[in-house]
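Following this message is one structure expressed as structure tokens.
None of these values were measured; they are calculated from a predicted model. Labels below follow one simple rule: chain letters A, B, ... track the order of the sequence lines, proteins then strands, and each chain is numbered from 1.
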There are 2 protein chains.
Amino acid sequence: MKPKIEDVAKLAGVSPTTVSRVMNNRGYISDETREKVQNAMNELNYFPNDVARSLFNKRSNIIGLILPTTSNPFFGELTFHLENICAEMGYKVLLCNSLNAIDKEEKYLEMLLRNQVDGIIVGTHNRGILDYHKQNLAVVAIDRYLSETIPVVGSDNYEGGTMAAELLMSGGCQCIVLIDGIGELETPARLRRKAYSDVMKRNGRAPIIYEIPEVFDRQSQQEVISRIFSEHPDVDGVFATNDLFAASFINEAKRHGKEVPGEIKVIGYDGTETAQTLMPELTTIKQPIARIARTAIDILVKKIEGDMKESPQETRLPVKIVKGTTA
Amino acid sequence: MKPKIEDVAKLAGVSPTTVSRVMNNRGYISDETREKVQNAMNELNYFPNDVARSLFNKRSNIIGLILPTTSNPFFGELTFHLENICAEMGYKVLLCNSLNAIDKEEKYLEMLLRNQVDGIIVGTHNRGILDYHKQNLAVVAIDRYLSETIPVVGSDNYEGGTMAAELLMSGGCQCIVLIDGIGELETPARLRRKAYSDVMKRNGRAPIIYEIPEVFDRQSQQEVISRIFSEHPDVDGVFATNDLFAASFINEAKRHGKEVPGEIKVIGYDGTETAQTLMPELTTIKQPIARIARTAIDILVKKIEGDMKESPQETRLPVKIVKGTTA
DNA sequence: CTGAAAGCGCTTACAG
DNA sequence: CTGAAAGCGCTTACAG
């Protein structure tokens, strides 16, 4: 059986209270007692039960992380950074891959609440459904508007979208198509689309938008992308709102005998390490993933620790264009 | 304040015991009482505190997951599947990215133990250091030998390595180089290297092995890979033990003016969805990631639930060669 | 400087 | 069918 505080106390010949005090370094304890207790702890290989502590302290030091899927390299890398920063700060991470399914998100949210998490980082789509604000729980969203009171952190999507669209324009593209995820909600990531549309309109063009499922489903992605070639055979520029979409498009372009960038210029979004390694030729808008993670945790922790200094409602971190050879 | 069982009991006019019983569906309760209690729970928007439950039950229903980093698409996808299966089975996942750093692993392990996890899935390198077996805790390793008693699940590394090496041999390659991660330990993933060496020897060749750091560090990876070209200018075949390495090599080959597959054939390992999307031309050995996850959880859960039917010490799941155009 | 008591929110024998 | 009591492993006033 795992030793408990009582066992340590007996072995050291003191009360549980005293053991607790040396563990938490609280109150006065004589050096002698402290040593006795520490020896007993070592001898028994004792370490405290954080479940019991959490129950008493009403503080779990656990942060819930809800996102679509760590399979997507953007979220995989974001998760890595988030978790790493949490560990550094003494927080633990409970992971939830919701695949943007509303029912799963609801279940996950309830699970997190039952587990008394101190805060939640949300990177999923579904808005409103989850009353994140109802429970007075610390919540920070990554690139999603969840409610007026929930801070949002993300890259400067509008700026990134503008850079992408303008690069294609200035490259002389005449028929520029946007490939975006499905989703009706007005989320910051949607600003990439908005920026594209604005650039198009400013140049007297009509936006052309295709939506494909975000989850790995190469077949249905292919089908949608194929339609671009039949419906817009003159396509010569593509802005994909993430690098995976860009890659899928480039694959399809090859199948249709189109050369990139010769006949069609392509630019993506995200610029993950993974995509940069596997497809270094891709021109893309790089998000500062580590900074996004850091900022989100900073804000969340401030909320958890009750720092009432208003945290900014929206933080837009600067993007960078990474020039490959595809645009 | 969050309502507790006592609040529900008062509102429903029953004892806490009864509330607990209807929640857990244990013992006899009249339909009338059940309804009263359920109404009260709804009215108060009550949900149980799992921390308190865990304390009493000595069962947290939490599984710890220790792996190098979810930034690597293999682990990103593995994590997704593991978490998903856990959620399905009512387990929660506490995530730890150790980057294979021993000190971090030790801290994470202690953290998981303090949090009373029911079991741990380990996908990191460091062996021996962690006395996983000392605590009698359910542990399953992914592709790592941790101790004689800890079950290992992974792809059939030896078979995969053999397939890769033989494909290069049969493609007529004369100077075949292996690119592998750093690490001295005898781990199942090392069987990829072993298989390569065996194939080489069987064909009267000397194995040529280069080791590069696994963590994203494009510069130092590049340096090592560059050495291949100076030290083995006649290299015409490369087996990289993961797809990221393969991609890095291909990038370097281009910089050195070498054509793939014309002058050098390249084959990778993992075959993640991400790599297949971003680099569909890569020939690679595909691991059955979802099956690895499923198998690992099945074994772990059996151990947790005390199913004493010996679980297999080692499970090798079949790999598949995905023929792209690089080899 | 140290300890006995109460309590965090739940569950489970034990009585009735 | 229902409730009072004890206890899961810890911590924190409160006394001394």
Does A/S20 place a side-chain N or O at less than 4.0 Å from the phosphate oxygens OP1/OP2 of D/dC10?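 Answer no for this pair, as no side-chain N or O of A/S20 is under 4.0 Å from OP1 or OP2.
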Report yes if a side-chain nitrogen or oxygen of B/T33 is closer than 4.0 Å to either non-bridging phosphate oxygen (OP1 or OP2) of D/dT2; otherwise report no.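 Indeed, a polar side-chain atom of B/T33 lies that close.
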Categorize A/S30 for me: base, sugar-phosphate, or nothing, with a 4.0 angstrom heavy-atom threshold over every strand shown.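 Touches sugar-phosphate only.
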C/dT11 phosphate, OP1 or OP2: any side-chain N/O from B/R26 under 4.0 angstrom?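 So the side chain of B/R26 is outside the cut-off, no N or O lying under 4.0 Å from OP1 or OP2 of C/dT11.
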Classify the nucleic acid contact of B/N24 as base, sugar-phosphate or nothing, counting any heavy atom under 4.0 Å across all strands shown. sugar-phosphate
Once you round it to whole Å, what is the distance between P of C/dG3 and OH of A/Y28?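 After rounding, the gap between these two atoms is 18 Å.
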Calculate the interatomic distance between B/E6 atom CD and D/dG3 atom P; express it in whole Å.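 To the nearest whole Å, that distance equals 14 Å.
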Whole angstrom is fine here: how far is it from CG in A/L55 over to P in C/dG7? 14 Å
Do NZ/NE/NH1/NH2 and the carboxylate oxygens of B/E32 and B/K36 come within less than 4.0 Å? no
Send over the distance from B/N61 CG to D/dC8 C1', rounded to a whole Å.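 It is 16 Å, rounded to the nearest whole Å.
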Is A/D50 salt-bridged to A/R53, cutoff N-O under 4.0 Å? yes
Heavy atoms only, 4.0 Å cut-off, all strands: where does B/V51 land among base, sugar-phosphate and nothing? nothing
Provide, to the nearest angstrom, the distance between the CZ atom belonging to B/F47 and the C1' atom belonging to C/dG9. 13 Å
Spacing between B/N57 atom CG and D/dG9 atom C1', to the nearest angstrom: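 Computing the B/N57:CG to D/dG9:C1' distance gives 14 Å.
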B/K36 NZ to D/dC1 C1': how many Å, rounded?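 Interatomic distance, NZ of B/K36 to C1' of D/dC1: 12 Å.
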Atom-pair distance (NZ on A/K58; P on C/dG9), nearest Å: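 Atom NZ in A/K58 sits about 3 Å away from atom P in C/dG9.
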Considering every strand and a 4.0 Å limit on heavy-atom distances, what is the contact class for B/R21: base, sugar-phosphate, or nothing?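 Touches a base.
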